[in-house]
Protein chains: 2
Amino acid sequence: MSLDNAILGWLSTGPGSGYDLVRQMDLGLNWFWGAAHSQIYPRLKELEARGLISSEQITVGTKLEKRVYTITDAGREAVRKWTSEPPTYPPNRDNERLRLIFGDHGDLKAMRRHFETHLDHYERRRESLQEFVDVLTSRQHPRIEQRIAAAMSEALKEITLAAREMAYRGDLRRAEFEIEWAKECLAWLDDFERRHDLGETSGTDELPASVSATGT
Amino acid sequence: MSLDNAILGWLSTGPGSGYDLVRQMDLGLNWFWGAAHSQIYPRLKELEARGLISSEQITVGTKLEKRVYTITDAGREAVRKWTSEPPTYPPNRDNERLRLIFGDHGDLKAMRRHFETHLDHYERRRESLQEFVDVLTSRQHPRIEQRIAAAMSEALKEITLAAREMAYRGDLRRAEFEIEWAKECLAWLDDFERRHDLGETSGTDELPASVSATGT
DNA sequence: CCGACCATGTAATATGTTACATGATTGT
DNA sequence: ACAATCATGTAACATATTACATGGTCGG
């Protein structure tokens, strides 16, 4: 399971609790894998049962129990094995594109909303990635710095940093690309509306007559 | 379910069998949703039970039975409703990036294989998308042309074509971007190996001494 | 007559989401 | 004391993958 590998990979950069992982995955948009806590806790148990991680119970305050997991040598070996296999590419599942290509009924308001949502989504993502990349580049990311400090050679230190720069900067540019695309689509829409004199129609759906091919 | 919407959307461009859908989804890389036949057939039954599609049994040759589905008005309405909602963005699940950031153990061969796999994957995808876009732009795609022909107004015809141009050309550029990224990563690797005099080491894993932080 | 492809299904398993459930800590 | 957040779990349901299963058609 890739979720297992995401967990192991993250624990390979330092110990952490299930809750830490949850936060990485749902709050940190900067992360390449997402999962709900209901999926994470059971996996941690199983990884421990398989000997890939070990845990230690910690009590916060008087009663709050917290379990901190640490990767084992077997776990480290599993990460190494998994990362040395080439990436796999699951089938595309893009509800955004699907909605776009089948939403060609002439509802211009919906199309506009579509592109604006896309733009907004990737602008947020860009911002959040930009912040992460800034932290990374200014060498302020604690877990990554730890990993660099632990590296045995200059070459390994460089690889550790470079791998992340490539990954996160690549994603940043992906986000920038999506923003650009959404803006171009919006520009097309603007032009379309101008050409079809739909500048200030407002109120009802645009193209009211032409839409009724099937009945609305 | 988005799979249902993908099926409905596709059937909204003309009737087709389950097998036709299977081919769209696994052979045609040009498609924005992927699903196995084992998932498609049961969904078709359910969509029919819900009255969103209807089917007709056709016999090919003497015995081979084939079921051709046609979207109903209720189905068309469902597509319209679904496409007018803004897109949603599921959590990222990118095993490629995950492998990259946690695969920083100094196995340069694995890193190279990683980038080459990425490059290869997106070059194939680009090619296949390019073909599709060419067919689209030269107005040779039968289903899309049918849909354009059925559109009630010039404005709707334009939207039908433009939505697909935006979607597919956008994906084409995505693929081109990934190719560019992979090439840059490979260039970094080349440079890294040059700087660390690992030009012609061959045989064993690169960086043999420095890797042994944990064992191996 | 044989291989490639057409055509459709079920079952078991794996993975992911949403809802339900509980209680502690920390800062204000 | 109250809210936000820490912290961990289970159950039900939805979705997706892999394996198992069967048989027909068509062209060479």
Side-chain angles (χ1 to χ4, degrees), chain A residues 1-8 10-11 15-28 31-50 53 55-69 82 88-95 98, chain B residues 1-8 10-11 15-28 31-50 53 55-69 82 88-95 98:
Chain A
M1 232 220 290
S2 263
L3 171 56
D4 289 357
N5 292 310
I7 292 172
L8 283 176
W10 189 74
L11 288 176
S17 67
Y19 193 77
D20 292 335
L21 268 158
V22 171
R23 279 189 317 178
Q24 283 297 316
M25 297 214 178
D26 66 24
L27 291 172
W31 192 244
F32 297 125
W33 203 267
H37 75 277
S38 58
Q39 210 185 350
I40 291 170
Y41 290 115
R43 286 286 96 197
L44 284 168
K45 291 193 169 176
E46 222 220 79
L47 290 172
E48 187 170 22
R50 283 201 271 150
I53 58 179
S55 74
E56 198 190 350
Q57 183 101 272
I58 285 183
T59 306
V60 182
T62 1
K63 292 173 193 162
L64 219 204
E65 300 204 327
K66 168 177 174 155
R67 202 163 266 285
V68 176
Y69 292 90
W82 168 70
T88 57
Y89 297 85
N92 285 326
R93 271 178 198 123
D94 189 334
N95 84 75
L98 226 42
Chain B
M1 233 222 290
S2 262
L3 171 57
D4 289 359
N5 292 311
I7 292 172
L8 283 175
W10 189 75
L11 287 176
S17 67
Y19 193 78
D20 291 336
L21 268 158
V22 171
R23 279 189 315 178
Q24 283 297 315
M25 296 213 179
D26 66 24
L27 290 172
W31 191 245
F32 297 125
W33 204 268
H37 75 278
S38 59
Q39 211 186 348
I40 291 170
Y41 290 115
R43 286 286 96 194
L44 284 168
K45 289 192 169 174
E46 222 221 77
L47 290 172
E48 186 169 24
R50 283 201 272 150
I53 58 180
S55 73
E56 198 190 351
Q57 185 98 273
I58 285 182
T59 306
V60 183
T62 1
K63 292 172 192 163
L64 218 205
E65 300 205 326
K66 166 179 176 154
R67 201 164 266 286
V68 176
Y69 291 90
W82 167 70
T88 57
Y89 298 84
N92 285 327
R93 273 180 197 120
D94 190 335
N95 84 73
L98 227 42

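Just the heavy atoms: all of them, side chains too, but no hydrogens, waters or symmetry mates, feed the values below. Since the model is a prediction, treat every value here as computed from it, not as a measurement.
One can place CG of B/Leu44 at 11 Å from C1' of C/dT8, the figure rounded to the nearest angstrom. When the C1' atom of C/dT17 is taken as reference, atom CE of B/Met1 falls 13 Å away, rounded to whole Å. Computed from coordinates, the B/Asp20 CG to C/dA7 P distance equals 7 Å when rounded to whole Å. The nearest whole Å value for the distance from the CH2 atom in A/Trp33 to the P atom in C/dT17 is 10 Å. Rounded to an integer number of Å, the gap from CG of B/Asn95 to C1' of C/dA14 is 16 Å. For the pair B/Leu21 CG and C/dA7 C1', the computed distance is 13 Å after rounding to whole Å. Between B/Ile40 atom CD1 and D/dT18 atom P the separation is 15 Å, expressed in whole Å. Atom CD1 of A/Ile58 is separated from atom C1' of D/dT8 by 15 Å (rounded to the nearest Å).
Scanning for side chain to side chain donor-acceptor pair (under 3.5 Å) contacts around A/Tyr89 gives B/His118, with sequence neighbours left out. Residues forming a side chain to side chain contact (heavy atoms under 4.5 Å, CB included) with A/Asp20 (at least two apart in sequence, or on another chain): A/Trp10, A/Ser17, A/Arg23. Applying the side chain to side chain contact (heavy atoms under 4.5 Å, CB included) rule to A/Glu65 yields the partners A/Gln57, A/Thr59; only residues at least two apart in sequence or on another chain are considered.
Looking only at side-chain heavy atoms (C-beta outward), B/Ile7 and B/Met1 stay at 4.5 Å or farther from each other. Contact of the B/Leu11 side chain with the B/Leu47 side chain is not registered, since no non-hydrogen atoms from C-beta on lie closer than 4.5 Å. Residues A/Glu48 and A/Tyr69 meet the side-chain proximity criterion, which asks for heavy atoms closer than 4.5 Å. Using a 4.5 Å heavy-atom cutoff, the side chains of B/Asn95 and A/Trp33 are in contact.
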Distances for protein N or O near nucleotides 9-12 of chain D N or O, under 3.5 Å:
{"residue": "D/dG9", "atom": "N7", "partner": "A/His37", "partner atom": "NE2", "Å": "3.4"}
{"residue": "D/dG9", "atom": "O6", "partner": "A/His37", "partner atom": "NE2", "Å": "2.7"}

Nucleotides 25-27 of chain C: which of its N/O atoms have a protein N/O under 3.5 Å away?
{"residue": "C/dT25", "atom": "OP1", "partner": "A/Val60", "partner atom": "O", "Å": "3.2"}
{"residue": "C/dT25", "atom": "OP1", "partner": "A/Thr62", "partner atom": "N", "Å": "2.5"}
{"residue": "C/dT25", "atom": "OP1", "partner": "A/Thr62", "partner atom": "OG1", "Å": "3.3"}
{"residue": "C/dT25", "atom": "OP1", "partner": "A/Lys63", "partner atom": "N", "Å": "2.9"}

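Applying the 4.0 Å criterion to OP1 and OP2 of D/dC6, one finds that A/Arg23 has a side-chain N or O inside that range. Dashed line: the shortest gap from a side-chain N or O of B/Tyr19 to OP1 or OP2 of C/dC6 is under 4.0 Å. A close approach under 4.0 Å does occur between a side-chain nitrogen or oxygen of A/Arg93 and OP1 or OP2 of D/dT17.
Toward the 5′ end of DNA chain C lies the nearest nucleotide of B/Ser17, the other residue of the pair B/Pro91 and B/Ser17 mapping further downstream. Along DNA chain C, the nucleotide nearest B/Glu65 and the nucleotide nearest A/Ala35 are compared for position; the residue whose nucleotide lies closer to the 5' end is B/Glu65.
Counting non-hydrogen atoms under 4.0 angstrom, B/Arg43 reaches nothing in the nucleic acid.
In terms of heavy-atom proximity, A/Gly18 sits nearest to A/Ile40 at O-CG2, 4.3 Å. Between B/Leu98 and A/Ser2 the shortest heavy-atom distance is CD2-O, 4.3 Å.
Atom CE of residue A/Met25 and atom CG of residue B/Asn92 lie 11.5 Å apart, to the nearest 0.5 angstrom. The distance from atom CZ of B/Arg43 to atom CG of B/Asp4, rounded to the nearest 0.5 Å, is 4.5 Å. Between atom CZ of residue B/Arg67 and atom NZ of residue B/Lys45 there is a gap of 8.0 Å, rounded to the nearest 0.5 Å.
Between its opening and closing five pairs, the helix from C/dC1-D/dG28 to C/dT28-D/dA1 changes axis direction by 30°, a value rounded to 10 degrees.
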